[in-house]
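A short worksheet on the structure shown next.
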Amino acid sequence: DVKVTQSSRYLVKRTGEKVFLECVQDMDHENMFWYRQDPGLGLRLIYFSYDVKMKEKGDIPEGYSVSREKKERFSLILESASTNQTSMYLCASGRAYQPQHFGDGTRLSIL
Amino acid sequence: KQEVTQIPAALSVPEGENLVLNCSFTDSAIYNLQWFRQDPGKGLTSLLLIQSSQREQTSGRLNASLDKSSGRSTLYIAASQPGDSATYLCAAGSRGGSEKLVFGKGTKLTVNP
């Protein structure tokens, strides 16, 4: 079975902090994705990566950056956390033309 | 810009009923259409993926259809069970290979025993 592991289920940080969310997949997938999920807004794509060191902006990249130094790991970085970044963050991975596999999510609260 | 809509937002049915969940998309130039299930507080689980050249896909009690020309997909659940209670999301794949998805907001299904 594909395993997508997000480093934390719950995280509480303060405004202005630099926050790192980590995601690891064990199936050698080329593609990895970061989404945020908010009530009434659904899932929105923040960034995705189709190869090591390659990245593309999604629909809402402002305030975020990403890093993919190894194929199995995709990190989402909140450069200076703000309260409007309080959300559920979901990581996914997949191969071309195949379904995406999701982690269980990180519920991030920015105080 | 692709927009995906799911109606209804919530649905409650008695156990054993057959039901249909609807998904519509504005841009018919999709590469695929995917259906996911999400349980409370969890990530998404892939149910079915229909490539743009296909009309339907089946897995067990689930059947998903795709009509690109009308911008619609449906997920049919046969003989519903309480364990089917979850939120169902559809997503349109806008670029082949990278699988960049645009999601609908989901239909929350409750199956009552």
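By convention in this document, chain letters (A, B, ...) are assigned in the order of the sequence lines, proteins followed by strands, and residues within each chain are numbered from 1.
Taking hydrophobic clusters as Ile, Leu, Val, Met, Phe, Trp and Tyr residues chained together by side-chain heavy-atom distances below 4.5 Å, Met32(A) shares a cluster with Tyr47(A). Side-chain heavy atoms closer than 4.5 Å link hydrophobic residues (I, L, V, M, F, W, Y) into clusters, and following such links, even through other members, never connects Leu90(A) to Leu108(A). Grouping the Ile, Leu, Val, Met, Phe, Trp and Tyr side chains by contacts below 4.5 angstrom, directly or via other members, places Phe48(A) with Met54(A). Hydrophobic cluster membership differs between Tyr35(A) and Ile60(A), with clusters built from Ile, Leu, Val, Met, Phe, Trp and Tyr side chains linked at under 4.5 angstrom. Linking ILVMFWY side-chain heavy atoms closer than 4.5 Å, directly or via other members, places Tyr50(A) and Phe33(A) in a single hydrophobic cluster.
Ranking Gly40(A), Cys91(A), Pro39(A), Gly94(A) against chain B, the residue ahead of the rest is Gly40(A), based on heavy-atom pairs under 4.5 Å. The most heavy-atom pairs under 4.5 Å with chain B, out of Gly42(A), Gly103(A), Pro99(A), come from Pro99(A).
Neither the backbone nor the side chain of Arg44(A) comes within contact range of chain B; no heavy atoms are under 4.5 Å apart. Residue Gln98(A) touches chain B through its backbone alone, counting heavy-atom pairs closer than 4.5 Å. For Leu43(A), the parts sitting under 4.5 Å from any heavy atom of chain B are the backbone and the side chain alike.
Of residues 61-88 of chain A, those residues with a non-hydrogen atom less than 4.5 Å from any non-hydrogen atom of chain B are, in numerical order, Met88(A).
Distance OG1/Thr45(B) to NE2/His101(A): 10.0 Å, rounded to 0.5 Å. Taking CD of Gln38(B) as the reference point, atom CD of Gln37(A) lies at 4.0 Å (rounded to 0.5 Å). Separating the CG atom in Leu41(A) from the NZ atom in Lys105(B) is a distance of 6.0 Å, to the nearest 0.5 Å. In this structure, Leu101(B) CG and Leu45(A) CG are separated by 8.5 Å, a value rounded to the nearest 0.5 Å. Atoms NZ and CG, on Lys100(B) and Asn31(A) in that order, are 12.5 Å from each other to the nearest 0.5 Å.
Inter-residue side-chain proximity for Gln100(A) and Leu49(B) is flagged as unmet; no heavy-atom pair is nearer than 4.5 Å.
Counting non-hydrogen atoms of other residues, nucleotides and ligands closer than 6.0 Å to CD of Glu15(B) gives a total above 12. Within 6.0 Å of NZ on Lys68(B) lie more than 12 heavy atoms contributed by other residues, nucleotides or ligands. Counting non-hydrogen atoms of neighbouring residues, nucleotides and ligands closer than 6.0 angstrom, the CZ atom of Arg9(A) exceeds 12 such neighbours.
Members clustered with Leu21(B): Val4(B), Leu11(B), Val13(B), Leu19(B), Phe25(B), Ile30(B), Leu33(B), Trp35(B), Leu47(B), Leu48(B), Ile50(B), Leu62(B), Leu66(B), Leu75(B), Ile77(B), Tyr88(B), Val102(B), Leu109(B), Val111(B), by chain and number, using a 4.5 Å side-chain heavy-atom cutoff among hydrophobic residues. When hydrophobic residues (I, L, V, M, F, W, Y) are linked wherever their side-chain heavy atoms come within less than 4.5 Å, the members clustered with Leu111(A) are Val12(A).
Identified under the ring-ring contact (aromatic ring centres under 6.0 Å, His included) test for residues 36-71 of chain B, with sequence neighbours left out: Phe102(A)-Phe36(B), Phe36(B)-Phe103(B).
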